[in-house]
Amino acid sequence: MLQVAFIREHKSDVIKGLAKRNIDATEMIEEVIALDESRRQLQTKLDNTLAESNSISKEIGNLYKSGKAAEANALKEKTSQLKEDSKAYNEALNDKANALTELLYKIPNVPHDSVPLGNSDEDNEEIFREGDIPKLHEKALPHWELAKKYDIIDFELGNKITGAGFPVYKGKGAKLQRALITYFLDKNTAAGYTEYQLPHLINEASGIGTGQLPDKEGQMYHVGADNLYLIPTAEVPGTNLFRDELLAESDLPIGITGYTPCFRREAGSYGAHVRGLNRLHQFDKVEIIRVEHPENSYTAFEGMIAHVKDILRELKLPYRILRLCGGDVTFASALTYDFEVFSTAQDRWLEISSVSNFETFQANRLKLRFKNQDGKSQLCHTLNGSSLALPRVLAGILENYQTEDGIQIPEVLIPYTGFEKI
RNA sequence: GGAGAAAUGGCAGAGUGGUCGAAUGCGGCAGUCUUGAAAACUGUUGAGGGUCACACCUCCGGGGGUUCGAAUCCCUCUUUCUCCGCCA
């Protein structure tokens with residue numbers, strides 16, 4: 001959520017920035033300013049009414065104390081009108097404040113200057129590419145065929161016990177999953193992130209804190225009896241750790257990492273691109289989350305990019321980095337780089353990590369602040385990224401490391417799997 | 001699941017209808033002293049709204065109510081603790 005004061009002071013910049021997302025926000029921004037203006041006016045009226053009624057109350061107290069009950073009773077009558085007024089002002093104020101909040105929830109973050117123009121993922125800008133694309137043998141298979149051939153992932157069984165998009169990992173497939181999770185966590189903690197185990201269900205307040213609610217309610221699985229949601233990513237519980245926190249400047253930066261399963265309803269997805277591991281309702285992911293001083297957040301962002309690069313280099317997977325364009329950058333993000341691994345057998349790129357700087361957008365909703373050197377409260381910057389998402393990394397490994405007599409395990413993973421080949 | 005107790009500032013912890021945004025301690029910050037540090041002493045220190053700045057307003061777990069006036073009384077929800085039950 002953008003800050004009202006920021007919108008008020010940088011109106012044209014905000015409109016110009018949002019235009020990069022191909023939206024004309026002029027009307028919304030004008031409305032925000034108008035709502036805020038009338039909210040402030042009502043607040044002043046309410047405050048004045050309350051001030052008057054407070055001072056009368058004090059007077060009544062003093063009169064009673066000095067035994068002047070008759071005068072006190074006379075004053076009491078004066079307050080009834082004030083009470084009515086303040087009630088009316090209060091209601092009007094709440095209406096305006098709610099309307100303002102609702103509107104602010106609908107306005108996405110202003111993209112960073114470096115975000116390129118564009119309408120869709122086709123306009124994303126490739127900024128880096130590394131790793132050799134292997135030459136596979138003639139009988140090379142896509143990962144869903146390999147999974148079947150080596151009996152390491154069973155999609156049918158998942159269909160039986162839950163439904164499509166809930167694969168069952170078996171034997172070396174299951175072990176490889178566990179190896180990847182441990183390897184990622186080890187890499188992240190070695191880079192200074194503190195490991196957390198987080199709840200897999202979140203309440204409404206947490207959903208609002210990171211922006212899944214109220215708008216994207218349909219993307220999450222909802223447990224109606226307890227009004228809880230299954231997490232779509234560790235970002236939600238991980239970032240909400242810091243909801244309503246006022247940190248000391250010396251607490252920053254904070255870096256945490258955690259492994260969680262992720263649950264996504266993915267309503268509306270279909271077709272060949274969702275085959276196998278490409279798109280799932282339940283998948284595993286190791287996430288990194290940072291809370292940063294505003295001055296350092298872009299340095300931290302570069303650090304996260306370098307960190308993910310390092311992992312992919314070690315895994316020896318061919319990958320590229322995209323700077324998402326205005327039309328593709330997510331709602332809350334100011335700047336997002338996507339990492340994609342090349343799936344040789346499918347001849348396409350698969351997104352395996354997304355690293356974003358949200359600047360103050362999440363922190364404003366979360367009320368995540370720190371006390372700066374002037375002793376003032378200031379919003380932190382939040383960032384997060386996958387480090388990494390499992391299924392497509394697995395797909396990339398299966399496809400790129402396949403040989404005619406089995407699938408090689410990347411060298412760095414062998415200590416974790418305990419086997420060299422599937 | 002049953003019975004009882006509780007929720008106050010960064011933390012601990014007083015406060016049971018008026019001058020309480022809240023004693024005190026710890027912590028933080030600034031200073032004195034010191035070659036420096038520690039100790040000691042002095043001062044200062046909650047958040048949000050509002051204002052050019054003041055004034056002023058709101059907040060004592062969340063929501064609602066009683067009252068001229070609520071941290072304090074009532075209702076309700078949530079959470080925590082103790083005991084009992086169940087249990088990986």
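What you see is a predicted model, and the numbers here were worked out from it, not measured in a lab. The sequence lines fix the lettering, A, B, ..., with proteins before strands; numbering per chain opens at 1.
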Legend entry - Spacing of A:Ile60 atom CD1 relative to B:G18 atom P, expressed in whole Å: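 Whole-Å distance recorded here is 15 Å.
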
Inset, instruction - Mind calculating the distance between CD (A:Glu52) and C1' (B:U58) to the nearest angstrom? - result: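 Those two atoms, CD and C1', are 18 Å apart.
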
Who passes side chain to side chain contact (heavy atoms under 4.5 Å, CB included) against [X], sequence neighbours left out?
| X | answer |
| --- | --- |
| A:Lys172 | A:Ile152, A:Phe419, A:Ile422 |
| A:Glu204 | A:Leu213, A:Asn227, A:Tyr229 |
| A:Asn22 | A:Asn119 |
| A:Ala248 | A:Ser250, A:Asp251 |

Inset, instruction - Using a 4.0 Å cut-off on protein heavy atoms (strictly under), produce a 5'-to-3' string for nucleotides 45-55 of chain B with B for base contact, S for backbone-only sugar-phosphate contact, and - for none. - result: -SSSBSS----

Inset, instruction - Apply salt bridge (Lys or Arg N to Asp or Glu O under 4.0 Å) to A:Arg178 and list each qualifying residue two or more places apart in sequence or on a separate chain. - result: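 Testing A:Arg178 for salt bridge (Lys or Arg N to Asp or Glu O under 4.0 Å), a comparison that skips the adjacent residues, returns none.
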
Legend entry - Dot-bracket line, read 5' to 3' along RNA chain B, where crossing pairs take [ ] and | marks a partner on another strand, Watson-Crick or G-U under 3.5 Å: ((((((((.[[[..)..(.....]]]((((((.......))))))((((......)))).[[[[[..)....]]]]])))))))....

Legend entry - Span that lies between the P atom of B:C20 and that of B:A70, in whole angstrom: 15 Å

Legend entry - Spacing of the P atoms in B:C75 and B:G1 (rounded, Å): 22 Å

Inset, instruction - Remember a base hit wins even if backbone is also touched, and classify A:Asn62 as base, sugar-phosphate or nothing at under 4.0 Å, heavy atoms. - result: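 It contacts nothing in the nucleic acid.
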
Inset, instruction - Starting at CD1 of A:Ile153, measure out to CG of A:Leu398 and round the result to the nearest 0.5 Å. - result: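 Going from the CD1 atom of A:Ile153 to the CG atom of A:Leu398 covers 6.0 Å.
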
Legend entry - Residues in contact with RNA chain B, drawn from residues 78-94 of chain A - heavy-atom cutoff 4.0 Å: A:Thr79, A:Lys83

Sequence neighbours excluded and cut-off under 3.5 Å, please list the side-chain donor-acceptor pairs for residues 190-200 of chain A, or say none.
from     : atom 1 : to       : atom 2 : distance (Å)
A:Tyr193 : OH     : A:Arg290 : NH1    : 3.3

I'd like a table of atom pairs between the protein and nucleotides 77-80 of chain B - only N or O on both sides, under 3.5 Å - with the distance next to each one.
none

Inset, instruction - Sorted by first residue and then second, give each side chain to side chain donor-acceptor pair (under 3.5 Å) pair with at least one member in residues 380-389 of chain A; sequence neighbours left out. - result: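 Only A:Asn188-A:Ser387, A:Glu235-A:Asn384, A:Ser297-A:His381, A:Gln362-A:Thr382 qualify under side chain to side chain donor-acceptor pair (under 3.5 Å).
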
Legend entry - Check: A:Ile23 and A:Pro108 side chains under 4.5 Å, non-hydrogen atoms: yes

Inset, instruction - Assess whether salt bridge (charged side-chain N to carboxylate O under 4.0 Å, His left out) is satisfied between A:Lys187 and A:Asp310, documenting all intermediate values. - result: CA-CA 9 Å; A:Lys187 287 295 288 182; A:Asp310 179 45; 3.0 Å; yes

Inset, instruction - Please figure out whether A:Leu50 or A:Ser53 has its closest RNA chain B nucleotide nearer the 5' end. - result: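 Going by which nucleotide is closer to the 5' end, it is A:Leu50.
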
Inset, instruction - Hey, which sits more toward the 5' end of RNA chain B by its nearest nucleotide, A:Lys76 or A:Lys58? - result: A:Lys58

Inset, instruction - Please report the shortest heavy-atom distance between A:Lys149 and A:Leu141, naming the atom on each side. - result: CD-CD1, 4.1 Å

Inset, instruction - Look at the side chain of A:Glu84 and the backbone N and O of A:Gln81, then say whether any donor-acceptor pair between them is shorter than 3.5 Å. - result: no

Legend entry - Side-chain donor or acceptor of A:Arg392 paired with backbone N/O of A:Glu351 under 3.5 Å: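 Side chain of A:Arg392 to backbone of A:Glu351: a pair is present.
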
Legend entry - Salt-bridge contact A:Lys11-A:Glu30 (side-chain N to carboxylate O under 4.0 Å): yes

Protein N or O to nucleotides 27-30 of chain B N or O, pairs below 3.5 Å:
none

